[in-house]
Amino acid sequence: MATINNGDNKRYRGLIISIALFLSLIGALLVFTFYTSSLLERNTVLIDQTNQVANSAQSVIKDLFDLDSSYGEDTSSPHIQRVLERLEQNTALINNTLTAIGEGGTITDDADGKTYKLPSVSGSAQENVQAANEQWQLLEPRIETYLKDADNVLVDSSDDLTQAVEQAKTSSLLMNESLDDLTNEVFDDAERQANTIRLIQALGVVAIFAYFLIFVFFFVRRLRETDAEAFAARRETQEIMETVNTGLFLLDKDLNIGQQHSRALNSIVGSDRLAGENFTNVLRGRISDKDLKTTQQFIEQLYNPRVKEKLVDSLNPLHKVMLHNSSDDKGLNNRFLDFKFSRVYEDKDIARILVNVNDVSDAVYLEQRLEKERSQNDMQIEMLTTILNVNPKIINEFISNTQAHIERMNNILKNPGSSQYELEGKLNAIYREMHSLKGEASALKLHSFTKIASEAEDKLHALQNQGQLSGNDFLQLAVHLDDLLSLSNTIATLGERINRSAPPKAATANTQAPLSDSTLKDSVAKTAAVNSQPASSISTDGGLDIDLDGESNDDRLSFYNEFAKEIAARQGKQVQLKSTTLAQTHIPEHLAKPIKEISIQLLRNAVVHGIETPGVRHSAGKTEVGTIDLEVQDNGSDFILVVQDDGQGIDYDSIRNKLSKEGRFSEEEASQLSQGDLLKQLFSSGFSTKENADEDGGRGVGLDIIKAQVKDYNGKLNVNSELGQMTRFVITLPKA
């Protein structure tokens, strides 16, 4: 870039010098014109002063003759006084003017009051001035002698006047002759000067015009050469821009795209009008507003010379960015573009930013496919690890429960509902099923299941906060149900292959066909039609029967203990699960499933909401490891489940504050709620005292699931809590 600048300086140096010389010639001619005009003006003044001396001399002679003819008249008369005054003035004027003309002095024009410097005279002109001055020196003393006593009536001045008149007769003729010769000499000299000036001016104008023609010819020739070079360079640039397969363009400080860019840029960006357009306007609506703002800030930093380019490049927000389709893309799909920004310097200043754009859609889609395959492989390994490390009966139970949850959600979606109350009931029911499924998957460390269920919960939670619901809002659940069913069938297949030693039981009369993807999609689509009719029942058997008798209670205790510790680790807490009755008590087969679901929800609730962090427990004088007791009892007619933790207990004031904060009750209404009323709110769907939801809690669904399970089995629920000490849940389920 510095070489190009030096070349430009050399190229324009001759042009600058030529213009400077041209202006110098014009300036010299103007200066000469001003000088000669001043000289001509001084000669004109000299001629005027010479004529003025001649006229004054005539006036002096006339006044002397007038005084001579009027001698004897009263000297104080106006006529005599006026003539004497004029004679005195003209005498002084002739003295001063002749002196100034002879010496080239300065005179003041009485007409305009301006002062002029008279030019010096020489040669014959100087001789004429001396001759006129000699005659005046003969006349002037006699006039002065007369004027001395002219107005004194006591003195006879007739002889002085007579002598002055006689001398004036002789001197006036000679003075006029000398002054006429002087005027002619000055006029001739001024005319010669004027001719010389006109000649020099004409020659100057001709020289300037000739120089201008030469300059124009030279400039046009150089301009044509420069245009030819620029055309050749532009043609080469155009050939490059039409040939390269990447998008190239320049950005100025205002983020305007340069007039030159590669042809490939139009097809890459998907727009026919790019030259001169603002870069942000091209990207607006095709990338997120956040990325667009970040891009503007990023380019501003590129123009900051104090920021290193490599450092800024690492923050490039347009690296493999998705460019959404626009109306100008003519049916093109969304593409991934990779923008690279480089500084363009002029000397040491950042002039522009060079942008290189590549369509990397194929590479990104390949990466996505590879990532998906890696995720599937990781999921397969995760599932294999779970199957190999968990009791096969627990795996079989999870598969059966998962398909049962999906079937129930499927049936809920099939049920018609048009009113807002019915739609909210469907939403809460689906939410409970999804949360239960997530809890069992999380207990088995099936993170793929947990992730899909959590994403579904996010959408369900958004629907809860949406307000007005419609059947179409449930359509988005189809993908999640498909994914969950697919994972469940995959685990069932892997389990069958690995656990050959525990073949599934023969199909019973209640065995049903597994849920299919098409069945799920049809069910979800039907829920959008509020007047749709219920479809036929759909089975959820994944191919494995559940044999609860083959699973020991010790395995269940170990399972619950690992589940509680894993949640505690994610929450930054420490827990220990204790049970003295779980290993000795037989759980009836028809209660095994609800007992397990309720236990999972209560254990999660105890770890997330009950047990404090080690630091808080230490400050409260407790051991850093929290204790959870899980006990079961069989009194003959009922089966009792007790879960108690030594945590912080239920903070009823916190429940009141949350209810008023969410707008469910006013502060006054919340303050009047009893503990029983507050517990009812705690068990309502969507209410949680946890500020931020995560994988383990904060959705307000866990206690709602427990309440629904107890209600379905005609059981009883009892809660006892002491603030800062403990919380105990007692679940009573009839054995009949």
Side-chain angles (χ1 to χ4, degrees), residues 394 436 439-440 442-444 551-588 591-614 616-618 620-636 638-652 675 679 682-683 689-690 696-697 702-703 705-707 709-710 713 715-733 735:
I394 296 180
S436 296
E440 295 185 41
S442 178
L444 289 174
E551 179 187 355
S552 68
N553 288 334
D554 288 335
D555 291 334
R556 286 191 181 276
L557 180 59
S558 176
F559 170 77
Y560 290 147
N561 192 31
E562 290 296 324
F563 172 61
K565 288 185 177 181
E566 184 177 357
I567 296 177
R570 287 196 295 267
Q571 298 293 322
K573 301 177 181 180
Q574 299 178 19
V575 298
Q576 180 181 8
L577 180 64
K578 296 181 179 181
S579 178
T580 58
T581 58
L582 184 61
Q584 288 79 27
T585 306
H586 173 73
I587 301 175
L591 293 180
K593 184 172 180 292
I595 290 296
K596 181 178 181 180
E597 288 188 4
I598 293 173
S599 298
I600 287 176
Q601 299 301 333
L602 288 176
L603 287 175
R604 177 188 285 112
N605 189 74
V607 176
V608 174
H609 298 283
I611 302 298
E612 309 95 325
T613 59
V616 175
R617 291 181 63 86
H618 181 75
K622 298 181 181 181
T623 59
E624 294 184 354
V625 179
T627 301
I628 302 175
D629 293 310
L630 190 154
E631 303 295 344
V632 292
Q633 301 173 13
D634 186 351
N635 63 5
D638 297 323
F639 193 87
I640 302 172
L641 171 66
V642 180
V643 177
Q644 178 175 326
D645 65 78
D646 65 345
Q648 59 188 348
I650 298 175
D651 187 351
Y652 291 101
Q675 290 188 358
L679 283 177
L682 192 63
F683 279 86
T689 56
K690 196 172 188 294
D696 301 313
L703 295 181
I705 292 174
I706 296 172
K707 182 181 69 173
Q709 289 278 15
V710 173
Y713 284 85
K716 296 180 180 179
L717 171 63
N718 181 266
V719 182
N720 186 22
S721 177
E722 294 181 17
L723 186 61
Q725 298 299 321
M726 68 87 182
T727 301
R728 179 171 60 249
F729 287 84
V730 180
I731 310 296
T732 303
L733 300 178
K735 294 176 63 176

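- With sequence neighbours left out, Glu631 forms a side chain to side chain donor-acceptor pair (under 3.5 Å) with Thr580, Thr581.
- Side-chain atoms of Ser579 come within 3.5 Å of backbone atoms of Leu630 as a donor-acceptor pair (strictly under, hydrogens ignored).
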Discussion item. Go through it in stages, so that I can follow the logic: the residues are Ile731 and Phe639, the test is side-chain contact (heavy atoms from CB on, under 4.5 Å), and I'd like the CA-CA distance, side-chain angles, deciding distance and then a yes or no.
Written reply: CA-CA 8 Å; Ile731 310 296; Phe639 193 87; over 6 Å; no
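- Every side chain to side chain contact (heavy atoms under 4.5 Å, CB included) that Gln644 has, sequence neighbours left out, goes to Met726, Arg728.
- Side-chain contact between Asn605 and Thr727 is absent, with no heavy-atom pair separated by less than 4.5 Å.
- When all heavy atoms are compared, the tightest approach of Val710 to Leu733 is CA-CD2, 4.3 Å.
- A donor-acceptor distance shorter than 3.5 angstrom exists from the side chain of Lys573 to the backbone of Ile611, with no hydrogens or angles considered.
- Looking at Val719 and Leu682, their side chains never come closer than 4.5 Å, going by heavy atoms from C-beta outward.
- Shown here are the side chain to side chain donor-acceptor pair (under 3.5 Å) partners of Glu597, two or more places apart in sequence or in another chain: His405, Lys593, Gln709.
- Taking the salt bridge (Lys or Arg N to Asp or Glu O under 4.0 Å) definition, one finds that Lys565 meets it with nothing, sequence neighbours left out.
- Applying the side chain to side chain contact (heavy atoms under 4.5 Å, CB included) test to Thr732 and every residue at least two apart in sequence or in another chain returns Asp638, Ile640, Lys716, Val730.
- When the salt bridge (Lys or Arg N to Asp or Glu O under 4.0 Å) test is applied to Glu612, the partners found at least two apart in sequence or on another chain are Arg617, Lys622.
- Taking every heavy atom of both residues into account, Phe559 and Lys596 meet most closely at CE2-CE, 3.8 Å.
- Summarising the geometry of Leu641 relative to Ser599, their closest heavy-atom pair is CD2-OG, 3.5 Å, with the distance given to 0.1 Å.
- When all heavy atoms are compared, the tightest approach of Phe683 to Leu703 is CD2-O, 3.3 Å.
- When all heavy atoms of Tyr560 and Leu577 are compared, the pair lying nearest together is CB-CD2, 3.4 Å.
- With sequence neighbours excluded, no residue forms a side chain to side chain donor-acceptor pair (under 3.5 Å) with Lys707.
- Evaluation of the side chain to side chain contact (heavy atoms under 4.5 Å, CB included) rule for Gln574 yields Pro614, Val625 as partners, not counting sequence neighbours.
- Taking Asn720 as the reference, nothing meets the side chain to side chain donor-acceptor pair (under 3.5 Å) condition, with sequence neighbours excluded.
- Thr627 is linked by a side chain to side chain contact (heavy atoms under 4.5 Å, CB included) to Lys578, Asp629, Asp646, counting only residues two or more places apart in sequence or in another chain.
- Counting all heavy atoms, side chain and backbone alike, Asp645 lies closest to Gly647 at OD1-N, 2.8 Å.
- To the nearest 0.5 Å, atoms CG (Asp634) and NZ (Lys735) are separated by 3.5 Å.
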